[in-house]
Amino acid sequence: MSQTVTARLTRPLVPVGNLFAFALEVFRAMFTRPFQWRELSDQAWFVTRVSLLPAMAITIPFGAVLSLQIGSLFNQLGARSFTGAAAVTGIVQQAAPVATVVIVAGAAGTAVAADLGSRKIREELDALQVLGISPIQRLVVPRVLAMAGVAVLLNAVATAVGTAGAYSFNVLVQGGSPGAYVSAFTALAQLPDLWVGELKAFVFGLIAGIVAAYQGVNAKGGPRGVGDGVNQSVVVSFVLLFIANTIITAVYFQIVPPKGL
């Protein structure tokens, strides 16, 4: 009886352990030769192609909403000149990395899960193993690294676009001063904010890539199983992304104290 209860209690932890073991296997395969450079370049171009425009498009509203909310609040506090400082800090640290990797996980991640899942149900992955080729090294590692690397590059683009969007919204819609907005950039923002944003994008990209690949490699039940794996990859990725964002932000503020006015 006790074993049955223990099995029921630990059953939800089995997928977590399997995902963790899969991630360790992926990290180990990253340092195994030969490395699939051609596959990496193809996947990086694919991720860029499906994620660049949506990431830019979603970051502009993020910047506008931040500028609107912060501008209204600071106007009530009589500190309207610091709108630019707060908006840029929010975009660089939070909005740009999260918006970028949400798009990467939603667009590229689903494609990776569907592709690997289709290969799984057609037994292509099993055929590779029979030939002595590791599917993890051959197919998964290039896709995971492509999503992580492209996420870093897209985060830089999204940061610039979001900052420009917040500036335009504050100046053109809210009637703010362009000079005060630009001069306030360095009031709260600092260089480590940019580095932590890039670090977040890289970690988020790794997480999204590993989750998508895990769901694809473990797809079961034919085409319906592939569809279920794609849906689960999106949900699990988003949950892990926000957990990782909370942890990284908390650690960052302990290491780099916020800059005072």
Side-chain angles (χ1 to χ4, degrees), residues 15-31 35 40 43-44 46-48 50-52 54-56 58-59 62 89-113 116 136-137 140-162 189-217 232-258:
V16 178
N18 292 337
L19 178 60
F20 183 73
F22 181 81
L24 292 180
E25 189 173 356
V26 171
F27 287 131
R28 184 177 59 185
M30 289 180 181
F31 303 97
F35 190 81
L40 175 62
Q43 293 301 317
F46 170 75
V47 175
T48 304
V50 300
S51 304
L52 179 57
M56 295 174 63
I58 197 175
T59 311
F62 263 101
T89 303
I91 292 170
V92 172
Q93 286 189 12
Q94 304 295 334
V98 172
T100 297
V101 186
V102 162
I103 294 298
V104 171
T110 53
V112 167
L116 294 178
I136 302 296
Q137 179 190 1
V140 173
V141 169
R143 285 163 171 77
V144 172
L145 291 179
M147 291 180 65
V150 171
V152 173
L153 300 178
L154 289 182
N155 178 68
V157 176
T159 300
V161 172
Q190 48 188 333
L191 187 59
D193 295 338
L194 180 61
W195 301 136
V196 75
E198 294 292 296
L199 175 63
K200 284 182 178 181
F202 181 77
V203 173
F204 295 168
L206 282 179
I207 293 174
I210 290 174
V211 171
Y214 172 79
Q215 294 295 339
V217 169
Q232 291 175 10
S233 71
V234 175
V235 175
V236 175
S237 295
F238 286 178
V239 172
L240 293 180
L241 292 180
F242 286 109
I243 293 176
N245 182 49
T246 303
I247 295 174
I248 294 175
T249 302
V251 173
Y252 172 72
F253 283 141
Q254 294 298 320
I255 298 175
V256 182

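Throughout, residue positions are numbered sequentially from 1 according to the sequence presented.
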Next item on the list: Show the numbers, then the answer: is there a side chain to side chain contact (heavy atoms under 4.5 Å, CB included) between Asn18 and Tyr214?
Entry: CA-CA 9 Å; Asn18 292 337; Tyr214 172 79; 3.2 Å; yes
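- Rounding to the nearest 0.5 Å gives a distance of 6.0 Å between CE of Met56 and CG of Leu52.
- In this structure, Ala29 and Ile136 approach most closely via the heavy-atom pair CB-CG2, 3.8 Å.
- Closest approach of Ala212 and Gly109 over heavy atoms only: CB-O, 3.2 Å.
- Between Phe27 and Leu206 there is a side-chain heavy-atom pair separated by less than 4.5 Å.
- Minimum interatomic distance between Ala105 and Ala208 (heavy atoms only, all atoms of both residues): CB-CB, 3.7 Å.
- Looking only at distances, a side-chain donor or acceptor of Tyr252 sits under 3.5 Å from a matching main-chain atom of Asp193.
- Residues Ile207 and Ile243 have side chains not in contact (no heavy-atom distance under 4.5 Å, counting atoms from C-beta outward).
- No donor-acceptor pair under 3.5 Å is formed between the side chain of Ser51 and the backbone N or O of Thr48.
- For the residue pair Thr59 and Ala158, the shortest heavy atom distance occurs at CG2-O, 3.0 Å.
- One finds the CD atom of Glu198 at 9.0 Å from the OG1 atom of Thr100 (value rounded to the nearest 0.5 Å).
- In this structure Ala111 satisfies the side chain to side chain contact (heavy atoms under 4.5 Å, CB included) test together with Phe46, sequence neighbours excluded.
- The OG atom of Ser233 sits 9.0 Å away from atom CZ of Phe238, with the distance rounded to the nearest 0.5 Å.
- For the pair Pro142 and Leu40, the tightest heavy-atom approach, listed with the atom from each and the gap, is O-CD1, 3.4 Å.
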Notebook entry, point to check: Could you walk me through whether Ile210 and Leu240 pass the side chain to side chain contact (heavy atoms under 4.5 Å, CB included) check?
Noted result: CA-CA 11 Å; Ile210 290 174; Leu240 293 180; over 6 Å; no
Margin query: Using the rule given for side chain to side chain contact (heavy atoms under 4.5 Å, CB included), can you reason through Glu25 versus Val140, listing the C-alpha separation, both sets of side-chain angles and the distance that settles it, and then say yes or no?
Written below: CA-CA 10 Å; Glu25 189 173 356; Val140 173; over 6 Å; no
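- Within the model, atoms CG of Leu154 and OG1 of Thr159 stand 10.5 Å from one another, a figure rounded to the nearest 0.5 Å.
- Smallest separation of non-hydrogen atoms from Phe35 and Met30: CD1-O, 4.1 Å.
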Next item on the list: List the steps and the verdict of side chain to side chain contact (heavy atoms under 4.5 Å, CB included) for Val98 and Leu241.
Entry: CA-CA 8 Å; Val98 172; Leu241 292 180; over 6 Å; no
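- In this structure, the side chain of Lys200 does not engage the main chain of Gln94 through any donor-acceptor pair within 3.5 Å.
- Expressed to the nearest 0.5 Å, how far CD1 of Ile248 lies from CZ of Phe253 amounts to 12.5 Å.
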